Amino acid sequence: MAMRDLLYKVYEKRLAEKLADRPLPQHVGVIVDGNRRWARDMGFVNPKDGHLEGANHVKRLLGWCDDMGISHVTIWLLSTENLSRPADELDPLLQIIADLAVELAADGQPWQLRTVGALDMLPTRHATTIKESAERTKDRDTGAIINLAICYGGHREIADAVRLLLHEYAREGRSLEEVADLVEEKHIAKHLYLHGQPAPDLLIRTSGEQRLSGFLLWQSAYSEFYFCDMNWPDFRRVDFLRALRSYSTRERRYGT
């Protein structure tokens, strides 16, 4: 085991060195999938153990992103569909997510936290904790911007953006016919959750699932995808560097 760990450290170092002069993503999105499967594989009975380890692993990921100079990270922690899980699993998961937000916002941490999703769907105490954590970091400008996607759904995001746009036109006194003639993609885009941030360059999903499941549907039009077979808590720094290496070898065409 010790020899294998040493070899991985050497391999990691070489990978990082090779990436030094290659194009790297400015914005990485991660679907942290497989926490419950990891818990089962490890012999745990309670899914909470998998969610706890998954939250701890998010902190490791952010350190790796800092090491590689990545300035924006979006992490999908909870989908709108996840809210239908049984209460005995959902309640501990919500507390773990709220605790994670508090830890990431603690004094001494460099990141600016932002929330992505419909926090109004959460119990008030959890929503308040998460919002207050993000607010606490709003003036930080020395670290990466970390978007916590909580109660996030790609279809809902687009619907919310259109709803906000329609309210904006209504306040201006415009008729529905005028709106139909005026609306363009850029008008919807300015009401999306990540407005003002670069679109994700690289989207990573763990657990072997090769689909987006609605993650950043609008913003991912020209993103590069990297799917990894291992469950989220087993995703190592070397796997992260491999994802960056894969990204660095691709020619991004943007439809041209």
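Everything quoted here is computed from the prediction, not taken from an experiment. In this chain, residues are counted from 1 in sequence order.
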A.B. asks: Can you list every ring pair (Phe, Tyr, Trp, His ring centres under 6.0 Å) pair that touches residues 158-179, not counting sequence neighbours?
C.D. replies: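 Residue pairs with at least one partner in residues 158-179: there are none.
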A.B. asks: Is the closest side-chain donor-acceptor distance between His27 and Ser71 under 3.5 Å?
C.D. replies: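 Note: His27 and Ser71 side chains miss the donor-acceptor criterion.
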A.B. asks: Is any NZ, NE, NH1 or NH2 atom of the basic residue among Glu12 and Arg14 found under 4.0 Å from an Asp or Glu carboxylate oxygen of the other?
C.D. replies: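 A salt bridge is absent here (no side-chain N lies under 4.0 Å from a carboxylate O).
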A.B. asks: Compare all side-chain heavy atoms of Ile188 with those of Trp218 and state whether any distance is below 4.5 angstrom.
C.D. replies: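 Side chain of Ile188 against side chain of Trp218, heavy atoms only: contact under 4.5 Å found.
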A.B. asks: Is there a path from Leu52 to Leu90 through hydrophobic residues (I, L, V, M, F, W, Y) whose side chains come within less than 4.5 Å of each other?
C.D. replies: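 No; tracing contacts between hydrophobic side chains, which count when under 4.5 Å, never links both residues.
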A.B. asks: Would you check, one step at a time, whether the test side chain to side chain contact (heavy atoms under 4.5 Å, CB included) holds for Arg85 with Leu93?
C.D. replies: CA-CA 10 Å; Arg85 290 181 178 178; Leu93 174 57; 3.9 Å; yes
A.B. asks: Under a 3.5 Å cutoff, is there a donor and acceptor pairing between the side chains of Glu157 and Gln219?
C.D. replies: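 There is such a pair (donor and acceptor under 3.5 Å, judged by atom type) between the side chains of Glu157 and Gln219.
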A.B. asks: What is the distance from atom CD of Glu132 to atom CG of Leu113, rounded to the nearest 0.5 Å?
C.D. replies: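 Interatomic distance, Glu132 CD to Leu113 CG, rounded to 0.5 Å: 13.0 Å.
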A.B. asks: Counting only heavy atoms not in Lys9, do more than 12 sit closer than 6.0 Å to its NZ atom?
C.D. replies: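 Result for NZ/Lys9: open.
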A.B. asks: Within the structure provided, determine whether Leu19 and Leu24 are in side-chain contact (heavy-atom separation under 4.5 Å).
C.D. replies: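 Result yes, sub-4.5 Å side-chain heavy-atom pair found.
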A.B. asks: Establish whether Leu119 and Leu192 are linked, either directly or via other cluster members, by ILVMFWY side-chain heavy-atom contacts under 4.5 Å.
C.D. replies: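 No, no single cluster joins them.
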A.B. asks: With a 4.5 Å heavy-atom cut-off, do Asp234 and Thr206 have their side chains touching?
C.D. replies: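 Not touching, per the 4.5 Å side-chain cut-off.
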A.B. asks: Run the salt bridge (Lys or Arg N to Asp or Glu O under 4.0 Å) check on Lys48 and Glu53 step by step: do they pass?
C.D. replies: CA-CA 9 Å; Lys48 177 182 177 181; Glu53 182 58 27; over 6 Å; no
A.B. asks: Looking at Glu185 and Lys190, does any basic side-chain N land under 4.0 Å from a carboxylate oxygen?
C.D. replies: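 Result for this pair is no, no salt bridge flagged.
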A.B. asks: Should the pair Asp201-Arg250 be classified as a salt bridge under the 4.0 Å nitrogen-to-oxygen rule?
C.D. replies: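 Looking at Asp201 and Arg250, the cut-off is not met.
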A.B. asks: With side chains defined as the heavy atoms from C-beta onward, is the minimum distance between Leu244 and Arg22 less than 4.5 Å?
C.D. replies: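 They are not in contact (no side-chain heavy atoms under 4.5 Å apart), so the answer is no.
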A.B. asks: Would you check if Pro123 and Leu94 make a side-chain contact, meaning some heavy-atom pair closer than 4.5 Å?
C.D. replies: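 Yes. Closest side-chain heavy atoms under 4.5 Å.
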A.B. asks: Looking at CG of Leu164 and NE2 of His187, how far apart are the two atoms once the value is rounded to the nearest 0.5 Å?
C.D. replies: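 One gets 14.5 Å once the value is rounded to the nearest 0.5 Å.
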A.B. asks: Say you draw a straight line from SG of Cys228 to CD of Gln210; how long is it, rounded to the nearest 0.5 Å?
C.D. replies: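 Going from the SG atom of Cys228 to the CD atom of Gln210 covers 10.5 Å.
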A.B. asks: Report the distance from atom CG of Leu78 to atom CE of Met121, rounding to the nearest 0.5 Å.
C.D. replies: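 Result: 9.0 Å between the selected atoms.
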A.B. asks: If a pair satisfies side-chain hydrogen bond (donor to acceptor under 3.5 Å, both in side chains) and one of its residues is in residues 137-146, list it, with sequence neighbours excluded.
C.D. replies: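 Listed once each, the pairs are Glu135-Lys138.
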A.B. asks: Without hydrogens or angle criteria, can the side chains of Trp76 and Asp33 be said to hold a donor-acceptor pair below 3.5 Å?
C.D. replies: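 Absent: no donor and acceptor within the cut-off.
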A.B. asks: Side chains of Ile31 and Ile75, heavy atoms from C-beta outward: is any pair under 4.5 Å?
C.D. replies: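 No, too far: nothing below the 4.5 Å cut-off.
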A.B. asks: Would a distance-only check, ignoring hydrogens and angles, find a side-chain to backbone donor-acceptor pair under 3.5 Å from Ser84 to Glu81?
C.D. replies: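 Checked: pair present.
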A.B. asks: Measuring only between side-chain heavy atoms, which start at C-beta, is Ile96 closer than 4.5 Å to Asp99?
C.D. replies: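 They are not in side-chain contact.
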A.B. asks: Are a donor atom and an acceptor atom from the side chains of Glu89 and His51 found within less than 3.5 Å of each other?
C.D. replies: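 A donor-acceptor contact under 3.5 Å links the two side chains.
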A.B. asks: Partners of Asp160 by salt bridge (Lys or Arg N to Asp or Glu O under 4.0 Å), sequence neighbours excluded?
C.D. replies: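 Salt bridge (Lys or Arg N to Asp or Glu O under 4.0 Å) list for Asp160, sorted by chain: Arg156, Arg163.
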A.B. asks: Set out, in order, the CA-CA distance, both residues' side-chain angles and the distance that settles side chain to side chain contact (heavy atoms under 4.5 Å, CB included) for Arg242 and Tyr11, then state yes or no.
C.D. replies: CA-CA 11 Å; Arg242 284 170 174 163; Tyr11 181 43; 3.3 Å; yes
A.B. asks: Are Val58 and Tyr152 in one and the same hydrophobic cluster, where Ile, Leu, Val, Met, Phe, Trp and Tyr link if side-chain heavy atoms are under 4.5 Å apart?
C.D. replies: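 No: no chain of side-chain contacts under 4.5 Å links Val58 to Tyr152.
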A.B. asks: Give the intermediate values and the outcome of side chain to side chain contact (heavy atoms under 4.5 Å, CB included) for residues Arg236 and Phe240.
C.D. replies: CA-CA 6 Å; Arg236 303 159 300 180; Phe240 178 65; over 6 Å; no
A.B. asks: Return the minimal non-hydrogen interatomic distance between Pro200 and Leu203, and the atom names on each side.
C.D. replies: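 Minimum heavy-atom contact is CB-CD2, 3.8 Å.
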A.B. asks: Go through the steps to decide whether Gln95 and Asp91 satisfy the test side chain to side chain donor-acceptor pair (under 3.5 Å), and finish with yes or no.
C.D. replies: CA-CA 6 Å; Gln95 188 60 53; Asp91 292 346; over 6 Å; no
A.B. asks: Taking all non-hydrogen atoms of both residues into account, name the closest pair between Asp66 and Pro110 and its distance.
C.D. replies: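 Nearest pair, atom of Asp66 first, then Pro110: OD2-CG, 4.2 Å.
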A.B. asks: In sequence, state the C-alpha distance, the side-chain angles, and the governing distance for Thr74 and Arg114, and then conclude on side chain to side chain donor-acceptor pair (under 3.5 Å).
C.D. replies: CA-CA 9 Å; Thr74 300; Arg114 299 186 185 179; over 6 Å; no
A.B. asks: Rounded to the nearest 0.5 Å, how far does CG of Asp49 lie from CE of Met42?
C.D. replies: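 Between atom CE of Met42 and atom CG of Asp49 there are 10.0 Å.
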A.B. asks: Can you name the closest pair of heavy atoms from Ala243 and Ile204 and give their distance?
C.D. replies: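 It is CB-CD1, 3.9 Å.
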A.B. asks: Evaluate Arg136 against Asp107 for salt bridge (Lys or Arg N to Asp or Glu O under 4.0 Å), listing each step before the verdict.
C.D. replies: CA-CA 9 Å; Arg136 182 177 179 182; Asp107 290 343; 2.8 Å; yes
A.B. asks: Please say yes or no: joined through hydrophobic side-chain contacts below 4.5 Å, possibly via intermediate residues, are Leu148 and Tyr193 part of one cluster?
C.D. replies: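 Hydrophobic grouping puts Leu148 apart from Tyr193.
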A.B. asks: Ignoring hydrogens, what is the shortest heavy-atom contact between Asn231 and Asp41? Give both atom names and the distance.
C.D. replies: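 Heavy atoms only, the tightest pair is ND2-OD2, 3.5 Å.
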A.B. asks: Which heavy atom in Phe215 sits nearest to a heavy atom in Ala149, and how many Å separate them?
C.D. replies: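 Heavy-atom minimum between the residues: CE1-CB, 4.5 Å.
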A.B. asks: Roughly how far, to the nearest 0.5 Å, is CZ of Arg60 from SG of Cys65?
C.D. replies: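 Rounded to the nearest 0.5 Å, the SG-CZ separation comes out at 14.0 Å.
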A.B. asks: Determine whether Ser213 and Arg205 satisfy the following criterion, side chain to side chain contact (heavy atoms under 4.5 Å, CB included), listing intermediate values before the conclusion.
C.D. replies: CA-CA 10 Å; Ser213 299; Arg205 181 170 188 161; 2.8 Å; yes
A.B. asks: Compute the centroid of each ring, for Trp38 and then for His57, and state whether the two points are separated by less than 6.0 Å.
C.D. replies: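 Not under 6.0 Å, so no.
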A.B. asks: Same hydrophobic cluster for Tyr226 and Trp232, using side-chain heavy-atom links shorter than 4.5 Å among ILVMFWY?
C.D. replies: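 Tyr226 and Trp232: one cluster.
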A.B. asks: Side chains of Asn147 and Val73: closer than 4.5 Å at any heavy-atom pair?
C.D. replies: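 Side-chain contact under 4.5 Å: no.
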A.B. asks: Between Phe225 and Ser220, which heavy-atom pair has the shortest distance, and what is it?
C.D. replies: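 It is CZ-O, 4.1 Å.
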